[in-house]
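Just the heavy atoms: all of them, side chains too, but no hydrogens, waters or symmetry mates, feed the values below.
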Amino acid sequence: MQQYIEEEIIKQLRDPAHQRDAFAQVVNFYGEKLYWQIRKMVLDHDDANDLLQNTFLKAWMNIDYFRGEAKLSTWLYKIAINECITFLNRQRVQNNVSIDDTDVFLLERLKGDEYFDGDAAQMKLQKAILTLPEKQRAVFNMKYFDDMKYEDMSEIFGTSVGALKASYHHAVKKVEEFLTKDI
């Protein structure tokens, strides 16, 4: 398997003769990482797969607009997060849920997901994370589970590092409060 070198891939993405092969390498390299980021937002395996496909489809259709000012991963994460937010908003409308309410409909789907193998503690953690607003949830997931750098998140969200640190801090507090109540 050939090595993934982003600068080379970006050059190949700009060359119509190599664009398809280069994009296939992008999909291979980022597919699993993006899947898990999406999955943490929507919880359901099938939804995550659909959103991953949508993410790569949007990226492919807009590849000529990628200017290379940010990293390719940042651009892909931004597309994926936007796809998740759009999907979650549609789900809320379909389930008649206010944007301020906990996304319990996601938790119900997670309970029925044959691919979820978490125990009661994992379910409680997911429930706690679902109490967070979706962008704060994304920040929490990226930092807590993936240990993503604030600088990278700043490029994805178009938000300052300081604001992201504050958002993560507030998210941790909310999750801790949720997990420690009833103890």
With rounding to the nearest 0.5 angstrom, report the [atom1] to [atom2] distance, [X] to [Y].
{"X": "Met61", "Y": "Asn54", "atom1": "CE", "atom2": "CG", "answer": "11.0 Å"}
{"X": "Asp64", "Y": "Leu13", "atom1": "CG", "atom2": "CG", "answer": "9.5 Å"}
{"X": "Thr55", "Y": "Asp50", "atom1": "OG1", "atom2": "CG", "answer": "10.5 Å"}
{"X": "Phe178", "Y": "Leu125", "atom1": "CZ", "atom2": "CG", "answer": "9.5 Å"}
{"X": "Lys135", "Y": "Met41", "atom1": "NZ", "atom2": "CE", "answer": "10.0 Å"}
{"X": "Leu130", "Y": "Gln126", "atom1": "CG", "atom2": "CD", "answer": "6.5 Å"}

Which atom of [X] lies closest to which atom of [Y], heavy atoms considered:
{"X": "Phe145", "Y": "Ile129", "answer": "CE1-CD1, 3.8 Å"}
{"X": "Ala128", "Y": "Val175", "answer": "CB-CG1, 4.0 Å"}
{"X": "Met142", "Y": "Ile81", "answer": "CE-CD1, 3.7 Å"}
{"X": "Ala22", "Y": "Gln12", "answer": "CB-CB, 3.5 Å"}
{"X": "Cys84", "Y": "Val42", "answer": "SG-CG1, 4.3 Å"}

Would you call the rings of Tyr4 and Phe29 parallel, tilted or perpendicular, where under 30° means parallel and over 60° means perpendicular?
-> parallel

Hey, any chance Phe140 and Leu179 share a hydrophobic cluster, counting ILVMFWY side chains that come within less than 4.5 Å of each other, even indirectly?
-> yes

With hydrophobic residues grouped by side-chain heavy-atom distances under 4.5 Å, do Ile5 and Val26 end up in a single group?
->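 Looking at the clustering, Val26 is in a separate group from Ile5.
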
Could you check if a side-chain atom of [X] sits within less than 4.5 angstrom of a side-chain atom of [Y], using non-hydrogen atoms only?
{"X": "Glu155", "Y": "Trp75", "answer": "no"}
{"X": "Gln19", "Y": "Arg14", "answer": "no"}
{"X": "Ile38", "Y": "Asn49", "answer": "no"}
{"X": "Asn141", "Y": "Asp146", "answer": "no"}

Looking only at side chains, do Asp21 and His18 share a donor and an acceptor under 3.5 Å apart?
-> no

Determine, for [X] against [Y], whether the closest basic-nitrogen to carboxylate-oxygen distance falls under 4.0 angstrom.
{"X": "Glu151", "Y": "Lys149", "value": "no"}
{"X": "Arg137", "Y": "Glu134", "value": "no"}
{"X": "Lys71", "Y": "Asp152", "value": "yes"}
{"X": "Arg39", "Y": "Asp44", "value": "no"}

With Lys143 as the cation and Tyr150 as the aromatic partner, state whether NZ or CZ is under 6.0 Å from the six-membered ring centre and within 45° of the axis.
-> yes

Who passes side-chain hydrogen bond (donor to acceptor under 3.5 Å, both in side chains) against Lys33, sequence neighbours left out?
-> none

Tell me, please, which residues at least two apart from Lys58 pass side-chain hydrogen bond (donor to acceptor under 3.5 Å, both in side chains).
-> Glu83

Quickly, which of Phe23, Tyr65, Phe66 forms a ring pair (Phe, Tyr, Trp, His ring centres under 6.0 Å) with Trp60? Name it, please.
->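 So, applying the ring pair (Phe, Tyr, Trp, His ring centres under 6.0 Å) to Trp60 and each of Phe23, Tyr65, Phe66, only Phe23 qualifies.
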
Report the C-alpha separation of Asn89 and Ile85 in whole Å, then their side-chain angles, then the decisive distance to 0.1 Å, and conclude whether the side-chain contact (heavy atoms from CB on, under 4.5 Å) test is met.
-> CA-CA 6 Å; Asn89 287 336; Ile85 290 170; 3.7 Å; yes

Any side chain to side chain donor-acceptor pair (under 3.5 Å) involving residues 166-177? Give me the pairs, sequence neighbours left out, ordered by first then second residue.
->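 Found Gln136-Lys174.
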
Are the side chain of Ser154 and the backbone of Thr159 linked by a donor-acceptor contact shorter than 3.5 Å?
-> yes

